[in-house]
Amino acid sequence: MRFIILLLGGFLLFSCDKVKDVFQEKDLLQRPVAKRCSECHQNIYNQWKDSRHAVAWISEDFKRASENYSKTKCLSCHAPYEITVSDKPNLRDFHREDGVNCVACHFRDSTKSMHGPYDVFSPPHPSTQDLQYTKAEICSGCHQETYKQWKTVATEKKLSTVPYAFRKRQTYPKVSI
């Protein structure tokens, strides 16, 4: 019996990375639709789906302003593939109807993980703490003019750049500019 326990203990000790892989849901690393994220993040999804980010691609105002998507200058911020600090993102060629969705802002191809401000254990997908998510600069790739204005506004209380879906969360870290 001790042999079996030692064998199992050794297996777990030397293959922890393999054990966590058992619990990963691989489709989460394939940039799924936002609704897929709601299976674990229902409250956040419910807030997002009523936000301007959720309708960024399908809103009538945007369709009209982009002349039915023919003006390409603004398209990539309304359906970004992956946001980066300060750089305009590339246009996503799938799930555009999701607008600015969860994975556009949180998934990084370079790490194959979801990024955010917290150090969390999340078995369904790899997660990486990224303190850029506590700063307004994370949104500056798309919100370039707004970010410049925020930097120059000399007010005691600056606007939060936390997406609409998170503005009501009292536990979100303060955003610094």
Side-chain angles (χ1 to χ4, degrees), residues 8 11-59 62 69 74-143 147 160-176:
L8 285 174
F11 174 75
L12 288 174
L13 182 64
F14 293 107
S15 63
C16 284
D17 287 340
K18 300 296 179 202
V19 171
K20 75 176 182 180
D21 288 347
V22 170
F23 298 104
Q24 282 186 5
E25 298 176 28
K26 300 297 183 196
D27 69 305
L28 293 174
L29 305 179
Q30 303 300 317
R31 298 183 171 274
V33 294
K35 180 76 174 149
R36 175 66 169 91
C37 300
S38 74
E39 292 175 22
C40 294
H41 305 281
Q42 186 66 52
N43 290 339
I44 295 169
Y45 172 80
N46 286 339
Q47 292 172 36
W48 168 84
K49 73 177 182 166
D50 293 328
S51 74
R52 293 176 73 185
H53 282 144
V55 297
W57 186 262
I58 61 171
S59 79
F62 179 64
Y69 310 113
C74 298
L75 298 184
S76 65
C77 283
H78 286 258
Y81 178 77
E82 180 177 314
I83 65 159
T84 58
V85 175
S86 303
D87 296 326
K88 190 172 177 182
N90 290 321
L91 176 62
R92 188 173 65 243
D93 62 1
F94 53 91
H95 308 313
R96 287 182 178 169
E97 68 283 355
D98 269 0
V100 184
N101 66 6
C102 312
V103 294
C105 293
H106 292 281
F107 187 74
R108 298 282 175 268
D109 281 337
S110 62
T111 60
K112 294 292 185 211
S113 72
M114 300 294 178
H115 286 232
Y118 305 112
D119 183 13
V120 297
F121 174 70
S122 179
H125 56 72
S127 296
T128 301
Q129 182 179 27
D130 187 340
L131 295 180
Q132 285 291 334
Y133 285 82
T134 64
K135 299 179 175 94
E137 191 177 21
I138 194 71
C139 303
S140 66
C142 286
H143 298 280
Y147 179 67
S160 169
T161 60
V162 178
Y164 301 103
F166 302 100
R167 286 196 179 176
K168 294 179 184 174
R169 289 184 62 194
Q170 299 300 315
T171 57
Y172 199 90
K174 290 186 178 180
V175 174
S176 60

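What's counted below: heavy atoms across the whole structure, side chains too, no hydrogens, waters or symmetry copies. Bear in mind the structure is a predicted one, so any value in this text is a computation, not a measurement.
We find that Asp98 and Arg31 are not joined by a salt bridge, their nearest charged nitrogen and carboxylate oxygen being 4.0 Å or further apart.
Nearest approach of Val100 to Trp48, heavy atoms of both residues: O-NE1, 2.8 Å. For the pair Gly99 and Ala56, the tightest heavy-atom approach, listed with the atom from each and the gap, is CA-CB, 4.3 Å. Annotation for Ser140 and Glu137: closest pair OG-O, 2.6 Å, computed over non-hydrogen atoms. Of all heavy-atom pairs between Asn46 and Asp50, the closest is O-OD2, 3.4 Å. Closest heavy-atom contact between Ser76 and Lys88: OG-CE, 3.1 Å. Contact detail for Ile83 and Ile138: the closest heavy-atom pair is CD1-O, 3.6 Å.
No more than 12 heavy atoms of other residues, nucleotides or ligands sit less than 6.0 Å from atom CG of Asn90.
For the atom pair OH (Tyr118) and OG (Ser127), the distance works out to 13.0 Å, reported to the nearest 0.5 Å. How far CD of Gln30 is from CD of Glu25: 13.0 Å, rounded to the nearest 0.5 Å. Between the OG atom of Ser113 and the CD atom of Gln129 there is a distance of 11.5 Å, given to the nearest 0.5 Å. Taking CE from Met114 and CG from Leu28, the interatomic distance works out to 5.5 Å, rounded to the nearest 0.5 Å. One finds the NE2 atom of His78 at 13.0 Å from the CZ atom of Arg96 (value rounded to the nearest 0.5 Å). The line from CG of Leu75 to CZ of Phe62 is 5.0 Å long, rounded to the nearest 0.5 Å.
Side chain of Glu82 to main chain of Asp109: a donor-acceptor pair is present (N/O by atom type, distance under 3.5 Å, no hydrogens or angles). Here the side chain of His115 pairs no donor or acceptor atom with the backbone of His106 at under 3.5 angstrom. Between the Asn101 side chain and the Ala34 main chain, no donor and acceptor come within less than 3.5 Å of each other. For Gln24 (side chain) and Pro124 (main-chain N/O), no donor-acceptor pair under 3.5 Å exists by modelled atom type.
The aromatic rings of Tyr69 and Trp57 sit parallel to each other, their planes meeting at less than 30°, with 60° as the upper class boundary. The aromatic rings of His125 and His41 sit tilted, their planes meeting at an angle between 30° and 60°.
Every residue two or more places apart in sequence or in another chain that forms a salt bridge (charged side-chain N to carboxylate O under 4.0 Å, His left out) with Asp27 is listed here: Arg36.
Within the 4.5 Å cutoff, no side-chain heavy atoms of Tyr81 are placed close to those of Phe107.
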